[in-house]
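In what follows, a single structure is set out as structure tokens and then discussed.
Nothing here was measured: the structure is a model prediction, and the numbers come from that model. Proteins get letters first, then strands, A, B, ... in listed order; numbering begins at 1 in each.
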There are 2 protein chains.
Amino acid sequence: MPLTKTNKEEIIQTALSVFRKNGYYNTSMSDLATACGLQKGSFYHYFASKEVLMGEVLKTVQSYLDYAVFSIAKQTDLAPRDRMEKMLLKLGKVLLSQEGGCIVGNTTLEVAAQNVIFKDTLKAIFDSWKNALKIIFMEKYPEGTSNRLAEQSVMEFEGAVMFSQLYQTDQYLKDAFVRTLSKMK
Amino acid sequence: MPLTKTNKEEIIQTALSVFRKNGYYNTSMSDLATACGLQKGSFYHYFASKEVLMGEVLKTVQSYLDYAVFSIAKQTDLAPRDRMEKMLLKLGKVLLSQEGGCIVGNTTLEVAAQNVIFKDTLKAIFDSWKNALKIIFMEKYPEGTSNRLAEQSVMEFEGAVMFSQLYQTDQYLKDAFVRTLSKMK
DNA sequence: GTCTATATCAAGATAGAC
DNA sequence: GTCTATCTTGATATAGAC
């Protein structure tokens with residue numbers, strides 16, 4: 001039996017998946033502790049509060065997306081269309097292969113509208129997302145057009161994730177990907 | 001001083017605006033009672049539980065949208081493009097002129113994904129929404145195309161509402177309306 | 001129909017033993 | 001680092017007086 005059951009990184013990953021599935025307010029510290037195989041009391045050894053934890057979860061999501069997804073937009077060794085496809089496929093894996101849809105969109109609608117705490121991180125994530133798409137679109141379109149196409153794509157994805165959740169099918173999101181990719185044809 | 005301070009309809013309207021702004025889980029019965037000018041105890045005279053109340057709120061939203069917005073799609077005295085414009089303007093008033101965005105989308109992401117209770121109503125609302133758009137698109141496009149355009153429009157609206165909320169500007173939603181309307185040009 | 005008072009429970013959070 | 005025990009608060013909900 002090890003002295004240490006878990007660590008911050010592991011907890012953040014577990015918390016991410018619980019928050020994504022159940023939402024912020026509908027997840028209790030007790031839920032999180034259980035999901036991590038800890039007692040509630042032990043949980044506070046790692047995070048001072050639910051708010052602090054969610055803040056770190058969102059920061060982790062931000063780092064991961066920047067590092068593993070949005071960075072693809074700058075891989076100029078790939079043709080623009082291939083870059084777009086690669087990035088969308090990666091994004092799809094992040095958004096599709098897990099229960100609960102998109103933590104960024106979920107949290108935006110649940111918390112950000114009335115609460116300032118997480119707003120900056122959420123905005124920054126969407127800004128990076130938009131910017132990554134814009135970079136690729138600019139290989140084919142002028143800046144203004146690229147910017148609008150990028151914004152449109154992100155909004156379409158979020159709408160599609162919502163529908164995919166509600167109707168329990170990936171089809172809406174897949175279609176949204178195809179539509180975005182077709183703009184690079 | 002009147003014996004009766006309020007009534008079910010009034011409470012539903014107030015609850016709608018509180019739920020839209022603060023979300024379902026983040027709204028307490030106490031919040032709702034206060035917003036209605038009632039004591040918590042009095043509130044239960046009208047609704048047995050928060051869940052029942054939210055159910056009725058969503059049903060009311062559904063009725064209102066059917067009656068006041070989606071019905072416009074069938075006003076064949078108007079030219080298709082004018083019908084579309086009229087419907088979108090009305091929808092814009094419903095979605096824009098109030099704090100908290102779209103209660104249908106908010107509730108879908110917050111509650112419907114993990115909870116079956118409100119899912120049927122939310123689905124029915126989105127189905128009617130999609131269908132209203134489809135009816136108008138079919139004046140110009142074949143059925144399959146109309147269906148896809150309608151789905152796309154709804155998803156785009158929801159994405160745009162999310163952005164409008166986060167960035168505190170109506171522009172995203174306005175742009176989405178323009179894009180949809182332009183498909184009827 | 002509205003009020004005050006209260007029961008019950010779960011949530012966030014802390015203290016201190018091991 | 002983890003546990004149990006506990007504090008405090010706020011939430012849902014009910015009872016009964018007016």
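Using a cutoff of 4.0 Å between basic side-chain nitrogens and carboxylate oxygens, A/Lys134 and A/Glu151 are not scored as salt-bridged.
One finds the CG atom of A/Leu109 at 9.5 Å from the CD atom of B/Glu110 (value rounded to the nearest 0.5 Å).
Checking the phosphate oxygens (OP1, OP2) of C/dG1, a side-chain nitrogen or oxygen of B/His45 falls inside 4.0 Å.
Two end axes, each from the C1' atoms of five base pairs, can be drawn for the helix from C/dG1-D/dC18 to C/dC18-D/dG1; they diverge by 0°, to 10 degrees.
Using a distance-only test at 3.5 Å, with no hydrogens or angles considered, no donor-acceptor pair links the side chain of B/Lys40 to the main chain of B/Met29.
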Anything under 3.5 Å between a donor and an acceptor, one on a side chain of residues 71-82 of chain A, the other on a protein residue two or more places apart or in another chain? List them.
| residue | atom | partner | partner atom | Å |
| --- | --- | --- | --- | --- |
| A/Ser71 | OG | A/Tyr67 | O | 2.8 |
| A/Gln75 | OE1 | A/Lys86 | NZ | 3.0 |
| A/Arg81 | NH1 | A/Glu85 | OE1 | 3.1 |

Pair up each side-chain donor or acceptor in residues 14-21 of chain B with any protein partner under 3.5 Å, not counting sequence neighbours, and list the distances.
| residue | atom | partner | partner atom | Å |
| --- | --- | --- | --- | --- |
| B/Thr14 | OG1 | B/Glu10 | O | 3.1 |
| B/Ser17 | OG | B/Thr14 | O | 3.3 |
| B/Arg20 | NE | B/Glu99 | O | 3.2 |
| B/Arg20 | NH1 | B/Gln98 | OE1 | 3.2 |
| B/Arg20 | NH2 | B/Gln98 | OE1 | 2.7 |

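With the nearest nucleotide of DNA chain C identified for both A/Ser28 and B/Gly37, B/Gly37 has the one nearer the 5' end.
Evaluation of the salt bridge (Lys or Arg N to Asp or Glu O under 4.0 Å) rule for A/Arg148 yields no partner, not counting sequence neighbours. Take B/Glu56 and apply the side-chain hydrogen bond (donor to acceptor under 3.5 Å, both in side chains) test, not counting sequence neighbours, and it matches B/Lys8.
Atom pair A/Phe43:CZ and C/dA10:P shows a separation of 20 Å (rounding to whole Å applied). What separates OH of B/Tyr25 from C1' of D/dT12 is a distance of 14 Å, to the nearest Å. The distance between atom CG of B/Leu32 and atom C1' of C/dT2, rounded to the nearest whole Å, is 17 Å. Taking atom OH of residue B/Tyr24 and atom C1' of nucleotide D/dT12, one finds them 11 Å apart after rounding to whole Å. Note: CD (A/Gln39) to P (D/dC3) measures 5 Å, nearest angstrom.
The side chain of B/Leu38 lies closest to C/dC3 when the candidates are C/dA11, D/dC3, C/dC3. Listed candidates were D/dC3, C/dT2, D/dT12. Nearest to the side chain of B/Thr4 is C/dT2.
Side-chain contact, B/Ser28 with B/Asp31: a donor N or O sits under 3.5 Å from an acceptor N or O. Checked by atom type, the side-chain pair B/Asn147/B/Tyr141 shows no donor-acceptor distance below 3.5 Å.
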For nucleotides 13-18 of chain C, give me every protein contact, N/O to N/O, under 3.5 Å, one pair per line with atom names.
| residue | atom | partner | partner atom | Å |
| --- | --- | --- | --- | --- |
| C/dA13 | OP2 | A/Lys50 | N | 3.3 |

